[in-house]
Amino acid sequence: MLEQLKVKNMALIEEVWVDFTQGLNILAGETGAGKSILIDSINFVLGGKASRDILRKGADVAVVEAFFVIANEENIRQIKSLDIDIDEDNGVLLHRSYSSAGKSVCKVNGKTVPVGIMRNVAACLIDIFGQHEHQTLLDPAKHIKLLDRFCQEELASPKEQLGSMIGEYKDIVKKIKDLTEEDGKDIDFYEFQLEELQKADVKAGEEEELTSRRAVLSHFEKTAKNVEALVNLFYGQGDIVGNIQKANALVKNISQIDTEQEGALAEISMLQEQIRAMGKGFVKYQERLNHDPLELDKIEARLDALYRLKQKYKMGIDQIIAHKGHIEQKIYAFENSQQELDRLDAQKEALKKEIGKTCLVMSKTRKEAASRLCVQIESTLKELGMENATFEMEIERSREFGKDGFDKAQFMISANKGQPLAPLSSVASGGEMSRTMLALKVALAGFDNMETFIFDEIDTGISGRVAGQVAKKLSLLGKTHQILCITHLPQIAAMGDANFLIEKATQDDRTTTSVNKLDEDGTLKEIARLIGGSQITDITLEAAKELRNARG
């Protein structure tokens with residue numbers, strides 16, 4: 001909801017700071033007091049058009065700040081997707097300035113953003129109705145989303161199925177595209193590379209084994225002498241194996257007399273086994289040692305070939321092996337592309353039929369829901385003084401399907417008898433547009449993500465019973481949403497959860513607009529003024545109290 005609005009140097013406003021509340025906020029005041037300036041200021045900070053006309057005379061910069069606290073998780077997610085940081089309190093501060101030089105600066109939570117981003121953020125925060133700006137109702141592309149909110153439970157399962165199938169469908173289309181765009185020249189190149197890599201016959205771990213073997217062969221004579229000396233120590237002159245065997249026998253004799261030496265016997269017996277195994281190992285190693293003068297040359301040649309291969313492909317050996325497998329897959333896919341294309345095409349067509357069936361289910365659900373929704377809206381419009389209004393939703397099938405199916409939807413209205421149904425954007429009257437949106441919002445009260453609405457001109461051309469009905473609907477909508485409503489009607493003003501008076505005063509040849517929140521006494525006086533004009537009497541005050549008490 002919109003918690004605070006600060007306006008500085010906008011037209012007749014020098015500086016005002018307004019704290020709004022949840023529920024129905026009434027903005028009232030005499031004609032010309034500056035109510036439209038306040039709405040223009042909100043439009044401006046939401047990313048509306050700016051011109052030098054908005055600057056207060058003599059001022060260099062006009063500034064508007066609007067602070068919102070968001071409760072709806074979907075709106076928070078959408079704003080964060082615009083790369084806007086939101087703290088744990090879910091606060092969003094919109095700041096916009098406009099200088100006499102014609103420069104406009106937009107900030108969201110302190111971050112400077114293009115005006116387009118400001119508008120996208122604003123679209124998640126507030127809707128204004130009555131002046132044909134920021135109106136969801138005027139954008140046919142959003143009509144189907146409004147309808148889907150109304151029947152979201154019925155659509156949840158088919159929409160989930162559709163999303164899964166469309167993801168699969170896109171994967172198939174991409175595979176087909178990749179196959180059909182495969183260049184024969186590339187395949188020739190792949191075949192050349194494959195032949196080269198097959199001849200190279202590179203194996204995993206080969207380079208490490210060859211490098212190790214080269215190190216041995218490069219120092220063969222030294223290694224052979226050391227091994228010979230080791231074997232001699234184990235079995236020859238040093239006879240380590242024989243000596244440890246003798247030592248073991250001596251310790252065994254001792255332990256038979258002194259049992260405390262049994263531990264030493266166990267240790268020396270284990271050592272004997274280790275020495276014996278080690279000696280056998282060196283003997284076998286000596287037997288394997290051989291020196292082929294050509295082997296070292298072969299290893300050097302192979303390592304050089306591997307090095308040149310790595311340099312050419314700019315890859316390591318493991319990557320080259322993986323690249324070879326990738327090439328084989330490419331060549332196989334190309335050689336079998338037509339067969340694969342036929343298979344993918346058949347799979348795509350089968351999936352397309354299933355998608356079509358799901359879209360038909362969604363379309364049927366929407367049409368049934370649209371009938372119910374339009375009946376509710378039309379009934380409410382009649383209560384709001386548009387007795388001859390006809391409201392329908394036109395649902396057509398588009399040529400392509402998407403994540404929302406294949407439906408295109410648009411609200412259609414005839415405000416007067418004899419007039420054909422026409423798109424809502426053709427409704428000329430701001431009051432009719434506001435009442436139509438009020439009827440829609442009442443119908444969607446339990447499904448709407450938008451938290452704040454501004455209704456301007458909603459009381460145009462109405463009075464008496466109809467004014468009372470409009471007031472009741474606004475009060476009802478205010479139970480679940482924040483409403484800002486500019487009005488001249490006492491019936492609507494009496495329903496306010498918070499009432500604000502917009503006044504204009506002149507001092508020292510300067511005219512200034514102010515906005516003040518009214519207490520209960522001030523609210524009654526303002527309602528009385530709306531009833532009887534500038535003269536407030538006991539009779540009008542009593543009538544104001546009656547209206548105020550009637551709100552329940």
Side-chain angles (χ1 to χ4, degrees), residues 81 83 164-228 230 281-352:
S81 72
D83 198 26
S164 176
M165 287 189 290
I166 285 180
E168 188 179 347
Y169 184 85
K170 287 180 177 178
D171 288 341
I172 293 172
V173 169
K174 184 180 183 303
K175 289 177 182 177
I176 291 173
K177 182 174 181 289
D178 290 344
L179 278 175
T180 53
E181 290 182 352
E182 190 70 74
D183 194 340
K185 293 181 180 178
D186 289 340
I187 293 300
D188 290 342
F189 177 65
Y190 289 150
E191 288 178 340
F192 170 78
Q193 284 192 337
L194 181 59
E195 184 180 358
E196 182 178 51
L197 293 175
Q198 285 174 336
K199 286 181 179 178
D201 193 24
V202 179
K203 295 179 176 62
E206 177 185 11
E207 188 176 24
E208 291 78 7
E209 291 178 8
L210 290 172
T211 302
S212 175
R213 181 62 178 162
R214 180 178 62 179
V216 172
L217 293 176
S218 298
H219 304 87
F220 179 80
E221 291 184 4
K222 184 177 180 181
T223 301
K225 287 181 180 178
N226 287 332
V227 172
E228 184 180 1
L230 265 173
F282 282 122
V283 170
K284 289 181 179 179
Y285 181 60
Q286 186 181 39
E287 291 172 353
R288 289 199 312 271
L289 272 178
N290 57 74
H291 181 50
D292 180 358
L294 297 179
E295 185 181 3
L296 183 59
D297 292 339
K298 291 177 181 177
I299 290 174
E300 292 288 2
R302 181 59 174 171
L303 286 172
D304 182 61
L306 293 177
Y307 173 77
R308 282 186 280 108
L309 206 60
K310 291 193 297 182
Q311 289 294 106
K312 179 177 181 178
Y313 284 88
K314 309 249 185 274
M315 300 176 186
I317 294 299
D318 289 342
Q319 291 172 304
I320 289 174
I321 293 171
H323 180 61
K324 177 174 173 284
H326 176 70
I327 290 172
E328 288 172 337
Q329 290 177 359
K330 283 278 189 181
I331 293 172
Y332 176 83
F334 180 76
E335 290 173 346
N336 297 273
S337 59
Q338 191 55 55
Q339 182 180 350
E340 180 67 6
L341 278 172
D342 291 343
R343 187 187 70 82
L344 288 172
D345 277 330
Q347 193 176 350
K348 185 184 81 169
E349 289 306 311
L351 192 56
K352 195 172 182 180

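Just one residue in the list Gln198, Lys203, Lys199 forms a side-chain hydrogen bond (donor to acceptor under 3.5 Å, both in side chains) with Asp201, and that residue is Lys203.
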Criterion side chain to side chain contact (heavy atoms under 4.5 Å, CB included) on Tyr190 and Glu195, from CA distance to verdict: CA-CA 9 Å; Tyr190 289 150; Glu195 184 180 358; over 6 Å; no
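For the atom pair NZ (Lys348) and CG (Leu351), the distance works out to 10.5 Å, reported to the nearest 0.5 Å. Rounding to the nearest 0.5 Å places CD1 of Ile331 at 9.0 Å from CD of Gln193. With values rounded to the nearest 0.5 angstrom, Ile327 atom CD1 is found 10.0 Å from Ile320 atom CD1.
The salt bridge (Lys or Arg N to Asp or Glu O under 4.0 Å) contacts involving residues 164-175 comprise Lys174-Asp178, where partners must be two or more places apart or lie in separate chains. Residue pairs that meet the salt bridge (Lys or Arg N to Asp or Glu O under 4.0 Å) test with at least one member in residues 314-326, sequence neighbours left out, are Lys324-Glu328.
Contact of the Arg308 side chain with the Gln311 side chain is not registered, since no non-hydrogen atoms from C-beta on lie closer than 4.5 Å. Contact of the Asp345 side chain with the Ile172 side chain is not registered, since no non-hydrogen atoms from C-beta on lie closer than 4.5 Å. Side-chain contact between Glu300 and Arg214 is present, with at least one heavy-atom pair separated by less than 4.5 Å. Annotation: side chain of Leu309 is not in contact with side chain of Ile317 (no heavy-atom distance under 4.5 Å).
Side-chain contact annotation: Gln347 with Tyr169, donor-acceptor N/O pair under 3.5 Å absent.
The existence of a salt bridge linking Glu207 and Arg302 is excluded, since no basic side-chain nitrogen approaches an acidic carboxylate oxygen closer than 4.0 Å.
A side-chain donor-acceptor contact under 3.5 Å links Gln319 to the backbone of Gly316.
Other residues, nucleotides and ligands contribute more than 12 heavy atoms inside 6.0 Å of the CD atom of Glu208.
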